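What you see is a predicted model, and the numbers here were worked out from it, not measured in a lab.
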Amino acid sequence: MPAPLASPPRPDPTDLLIVGGGINGCGIARDAAGRGLTVTLAEMGDLASATSSASTKLFHGGLRYLEYFEFRLVREALIERETLLRAMPHISWPMRFVLPLDTRMRFDASTPASKLLTSVLPWMKGRRPAWMIRLGLFLYDSLGGRKILPATRTLDLATDPAGQPLKDSFQRAYEYSDCWIEDARLVALNARDAADRGAEILVRTRVIGAARGPDVWTVTLRDQQTGEVFTRRARMLVNAAGPWAGEVIGETLHETSSDRVRLVRGSHIVTRKLFDHDRCYFFQGQDGRIVFAIPYETDFTLIGTTDAEHADPDTPPVCTEAERDYLLAFVNRYFRQDVTVEDIVWTYSGVRPLHDEGEGSATAASRDYVVKLDRAGAPLLNIFGGKITTYRRLAESALEKIAEVQKGLPGRWTAGVPLPGGDFPVDGVEDLIARLRAAHPFLTDCWAHRLVRAYGTQAADLLDGARSPEDLGRDFGATLTEAEVRWLMDREFAREAADVVWRRSKLGLRLSRDQIAGLDAWMTERRLEDMPAAAE
């Protein structure tokens with residue numbers, strides 16, 4: 001196996017110190033490092049340990065955002081789907097979505113589209129007519145200049161396999177395209193690529209204070225595991241703390257801002273597998289909301305999401321009983337066989353940090369992003385809002401602001417440049433699996449598939465020299481081996497078992513508590529063994 005990444009020499013001061021190791025912070029770190037800037041990123045937990053691992057895991061334009069007339073945001077996201085798909089075909093892939101038609105479905109009465117339709121056609125009483133859905137899907141197909149993904153088509157649910165799990169009352173549906181994304185792996189690979197380009201990535205490291213000078217920030221940080229307190233100096237501070245962005249401005253930096261962060265909780269449930277085909281469902285509710293039901297990790301179905309106000313970023317988000325029951329009732333209006341609490345194997349919840357623009361409901365709050373540069377002393381760049389599909393464009397917008405201060409920066413470069421392991425064609429996964437199994441015949445098809453979907457072409461590096469499972473060291477269960485865990489610790493900043501089984505993978509769905517505890521103990525022992533060497 002290749003040697004672990006060497007730590008790059010640390011400049012003083014660094015060009016950027018980024019607060020936050022979610023998708024926005026790691027995307028900015030990668031883009032900036034690729035343009036030659038020196039970068040330090042500090043994340044108080046694990047990479048993607050908050051919002052960025054708790055999404056619905058889609059690269060999508062946001063079909064429902066058309067009802068809010070957010071055409072620029074939707075178009076940008078639709079264009080990005082295919083740009084991102086080409087750069088990461090191991091962790092992202094096309095999916096088809098089935099949208100059953102039901103005359104009982106209604107708009108959210110607060111949307112601009114609903115208000116317009118009611119004013120022109122008052123007898124519609126807020127209904128979502130089929131012709132309007134088809135118009136929206138035509139725009140969805142057209143706005144982004146789609147080249148890889150297939151167009152919308154109409155389904156007869158009486159004959160199509162997608163109709164079999166649904167109640168007989170659903171006779172017709174539209175099927176359209178979006179993309180799946182392994183959200184937490186996306187964050188880890190952006191951080192990994194940033195590190196490959198010279199960035200310093202500090203996980204479990206909290207920014208506890210910062211002094212702003214005329215040209216340089218002096219930032220105080222604390223290692224959350226060892227308790228060590230140390231400082232870094234930086235010419236610019238980037239606040240990409242997501243739900244904690246407002247807290248960082250006011251309580252950590254002691255700055256003032258008129259911008260506010262609105263916290264909206266989105267909860268999901270994961271159930272046993274509810275249907276056999278590989279397509280997703282886009283369900284419309286009688287309250288105007290929508291919920292997805294998505295094939296998940298081969299043996300499960302992912303259902304979400306909710307929109308609920310969340311008061312405090314320091315209060316861990318959980319899927320409440322009310323949210324759980326709401327999601328169950330929602331999908332049970334569609335599925336032939338009721339989904340019950342007993343079918344649920346896992347729940348998760350995340351907090352979306354939206355830029356507060358005073359919208360009435362959590363559902364109506366814009367998912368667009370805002371990037372603001374404060375030059376009252378050493379520069380401060382604050383990031384508000386955003387969605388996972390547009391993270392790369394958000395990073396480019398951030399670098400445009402940074403370029404106002406850091407003169408002479410190279411231009412945009414990330415479009416089309418693959419993330420680690422993504423240097424193969426979009427349709428090349430099966431070929432890559434076959435080649436991996438040919439080189440390592442002991443791999444089962446499921447094992448090889450999981451490795452390729454996680455590591456792409458670098459799965460071969462992870463297995464380098466292995467002729468049997470025993471060559472990969474300890475078996476932690478569910479095909480997770482010592483060799484893979486070493487890779488994740490040395491190259492993807494994993495420190496604890498939860499980092500591995502819930503963020504770098506979803507093997508937590510398949511491992512027992514005792515197996516996870518054994519993994520955590522092994523990782524702790526290895527980390528302690530490595531600490532003296534790291535200190536030398």
Inset, instruction - Indicate yes or no for a side-chain donor-acceptor contact from R503 to the backbone of S53 under 3.5 Å, with no hydrogens or angles considered. - result: no
Inset, instruction - Describe, in one word, how the ring planes of H60 and F292 are oriented to each other, choosing from parallel (under 30°), tilted (30 to 60°) and perpendicular (over 60°). - result: perpendicular
Inset, instruction - Keeping the roles fixed (side chain from Q458, backbone from P420), state whether a donor-acceptor pair exists under 3.5 Å. - result: no
Legend entry - Test side-chain contact (heavy atoms from CB on, under 4.5 Å) applied to L85 and L149, step by step: CA-CA 10 Å; L85 182 60; L149 302 176; 4.3 Å; yes
Legend entry - Distance-only side-chain donor-acceptor flag, S177 / R96, under 3.5 Å: yes
Legend entry - Heavy-atom donor-acceptor pair, T306 side chain to A308 backbone, under 3.5 Å: no
Inset, instruction - Would you please indicate if the ring centroids of Y174 and F282 are separated by under 6.0 Å? - result: no
Inset, instruction - Taking atom CZ of F230 as the centre, report whether more than 12 heavy atoms of other residues, nucleotides or ligands fall under 6.0 Å from it. - result: yes
Inset, instruction - Using only heavy-atom distances, determine whether the side chains of N239 and W244 contain a donor-acceptor pair under 3.5 Å. - result: no
Inset, instruction - Can you run down the salt bridge (Lys or Arg N to Asp or Glu O under 4.0 Å) pairs that involve residues 215-232, sequence neighbours left out, and say none if there aren't any? - result: E200-R232
Legend entry - Value rounded to 0.5 Å, distance of CZ in R260 from OG in S258: 7.0 Å
Inset, instruction - Without swapping roles, check the side chain of W217 against the backbone of A210 for a donor-acceptor pair under 3.5 Å. - result: no
Legend entry - Polar side-chain atom of N24 near backbone of A240 as donor-acceptor pair, under 3.5 Å: no
Inset, instruction - Verify salt bridge (charged side-chain N to carboxylate O under 4.0 Å, His left out) between R185 and E492, making sure each step is shown before the conclusion. - result: CA-CA 9 Å; R185 287 210 56 72; E492 294 193 16; 2.8 Å; yes
Legend entry - Option from R412, E396, R197 for which side chain to side chain contact (heavy atoms under 4.5 Å, CB included) with D31 holds: E396
Legend entry - Whether T205 side chain and A42 backbone form a donor-acceptor pair below 3.5 Å: no
Quick one: side chains of residues 71-80, donor-acceptor pairs under 3.5 Å with protein atoms, not counting sequence neighbours, listed by atom name and distance.
residue: R72; atom: NH1; partner: E76; partner atom: OE1; Å: 3.2
residue: R72; atom: NH2; partner: D368; partner atom: OD1; Å: 2.6
residue: R72; atom: NH2; partner: D368; partner atom: OD2; Å: 2.5
residue: R75; atom: NE; partner: L143; partner atom: O; Å: 3.3
residue: E76; atom: OE1; partner: Y369; partner atom: OH; Å: 3.4
residue: E76; atom: OE2; partner: Y369; partner atom: OH; Å: 3.1
residue: E80; atom: OE1; partner: R392; partner atom: NE; Å: 3.1
residue: E80; atom: OE2; partner: R392; partner atom: NH2; Å: 2.7

Legend entry - Under 3.5 Å: donor-acceptor pair, side chain of T38, backbone of D15: yes
Inset, instruction - Answer yes or no: is there a donor N or O on one side and an acceptor on the other, between the side chain of H310 and the main chain of T315, under 3.5 Å? - result: yes
Legend entry - H355 and F384 aromatic ring geometry - parallel, tilted or perpendicular at 30°/60° bounds: tilted
Legend entry - Cation-aromatic face contact K506/Y348, 6.0 Å, 45 degrees: no
Legend entry - Test of ring centre spacing under 6.0 Å for Y281 and Y334: no
Legend entry - Pair T56-H268, side-chain donor/acceptor within less than 3.5 Å: yes
